[in-house]
2 protein chains.
Amino acid sequence: MELKQFRRIAKALADPRRYEILSRIAAKKEMACVDMRCVLPISPATLSHHVKELENAGLIEVRKEARFVHMKLCRKVWKEYLAQLAKL
Amino acid sequence: MELKQFRRIAKALADPRRYEILSRIAAKKEMACVDMRCVLPISPATLSHHVKELENAGLIEVRKEARFVHMKLCRKVWKEYLAQLAKL
DNA sequence: TCATCAATTTGACAGTCATCGAAATATCAA
DNA sequence: TTGATATTTCGATGACTGTCAAATTGATGA
């Protein structure tokens, strides 16, 4: 795994709210932003920001369908990250 | 693993330099601050700061011997952290 | 005792970042 | 077309944080 991505992931996980978001995405096969906002008290702007960070880190894949954004965890990347950490 | 500790660890790992420090500690059974400063370009103040963060997160144990501070990785905590992440 | 060395503390600074309101964009449904 | 809804972008703000110099503490050995 690339150093750059490794660092992005570490940073992405450092914010509790962002980790919470990632958790909820991981708990389902896919999750929509609009559903996230039903569950978490967060402004659209902030959610959009966090989603971008998670996507940028390669942790999630974003799919746009009509007006809705669907997100899902990239298990492969997640596994790679864990493997990298396990080397410590 | 406690949520508080989990978050502290995630934050501790988010800074590249701090992760580098942790890596170097993990690579040996034990490492002294004075040796760290031979290897890494870092001021005493900054190193002291990072060591405190890592210790606060429970990631390392600090032992004082004479004028020197020796650090070592807490493998147990590290394992717990990985296990927690793996649940995602 | 005194000079030296490791480490910590303090204070300050610069840069980063989470947050949100408001405006803009995009898409759907009527 | 028009009104409604989902999301993004922009701008601002307040809080956090990594960094280090300087002063301090603590311990050693000469």
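Just so it is clear: chains get the letters A, B, ... in the order the sequence lines come, proteins before strands, and each one is counted from 1. Just so we're clear, the structure is a prediction, and the values are computed from it rather than from any experiment.
- Here the C1' atom of nucleotide C:dT8 and the CG atom of B:Leu54 are 16 Å apart, to the nearest Å.
- When each of A:Lys64 and A:Pro44 is assigned the nucleotide of DNA chain C with its nearest heavy atom, A:Pro44 is the one assigned upstream, toward the 5' end.
- A:His70 places its NE2 atom 12 Å from the C1' atom of D:dT7, with the value rounded to the nearest Å.
- Not a single salt bridge (Lys or Arg N to Asp or Glu O under 4.0 Å) links A:Lys64 to another residue, sequence neighbours left out.
- Residue pairs meeting the salt bridge (charged side-chain N to carboxylate O under 4.0 Å, His left out) criterion with at least one member in residues 66-75 of chain B, sequence neighbours excluded, do not occur.
- The closest donor-acceptor contact from the side chain of A:Glu65 to the backbone of A:His70 lies at 3.5 Å or more, if one exists at all.
- Atom CD1 of residue A:Ile42 and atom SG of residue A:Cys33 lie 9.5 Å apart, to the nearest 0.5 angstrom.
- Considering only residues two or more places apart in sequence or on other chains, B:Cys74 meets the side-chain contact (heavy atoms from CB on, under 4.5 Å) condition with B:Glu61, B:Val77.
- Summarising the hydrophobic clusters (Ile, Leu, Val, Met, Phe, Trp, Tyr; side-chain heavy atoms under 4.5 Å, direct or chained), the residues clustered with B:Leu3 are none.
- Recorded end-axis angle for the helix from C:dT1-D:dA30 to C:dA30-D:dT1 stands at 20°, based on five pairs per end and rounded to 10 degrees.
- Straight-line distance from the CD atom of B:Glu55 to the C1' atom of C:dA7: 13 Å, rounded to whole Å.
- One atom, CG of A:Leu47, and another, P of D:dT5, lie 18 Å apart when rounded to the nearest Å.
- Within the hydrophobic cluster formed by Ile, Leu, Val, Met, Phe, Trp and Tyr side chains joined at under 4.5 Å, directly or through other members, B:Phe68 is accompanied by B:Val34.
- In terms of modelled atom types and a separation under 3.5 Å, the side chain of B:Arg18 and the main chain of B:His50 share no donor-acceptor contact.
- A heavy atom lying under 4.0 Å from DNA chain D marks the following residues of residues 31-38 of chain A, by number: A:Cys33, A:Val34.
- Put simply, CG on B:Leu59 and CG on B:Leu54 are 6.0 Å apart, with the number rounded to the nearest 0.5 Å.
- With sequence neighbours left out, the side-chain contact (heavy atoms from CB on, under 4.5 Å) criterion links A:Ser48 to no other residue.
- Residues meeting the side-chain contact (heavy atoms from CB on, under 4.5 Å) test with A:Leu82, sequence neighbours left out: A:Trp78, B:Leu85, B:Ala86.
- The separation between B:Glu20 atom CD and D:dT19 atom P is 12 Å, rounded to whole Å.
- Within the structure, the salt bridge (charged side-chain N to carboxylate O under 4.0 Å, His left out) test picks out the following pairs touching residues 25-43 of chain A (sequence neighbours left out): A:Glu30-A:Arg63.
- At distances below 3.5 Å, at least one donor-acceptor pair connects side-chain atoms of A:Ser23 with backbone N or O atoms of A:Tyr19.
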In 5'-to-3' order, the base (B), backbone-only (S) or no-contact (-) status of each nucleotide in nucleotides 25-30 of chain D, using a 4.0 angstrom heavy-atom cut-off, is -BBS--
Given protein heavy atoms under 4.0 Å, the one-letter contact record of nucleotides 15-20 of chain C, with B base, S sugar-phosphate only and - none, is simply --SSBB
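- Atoms CG (B:Asn56) and P (C:dT9) sit 12 Å apart, rounded to a whole Å.
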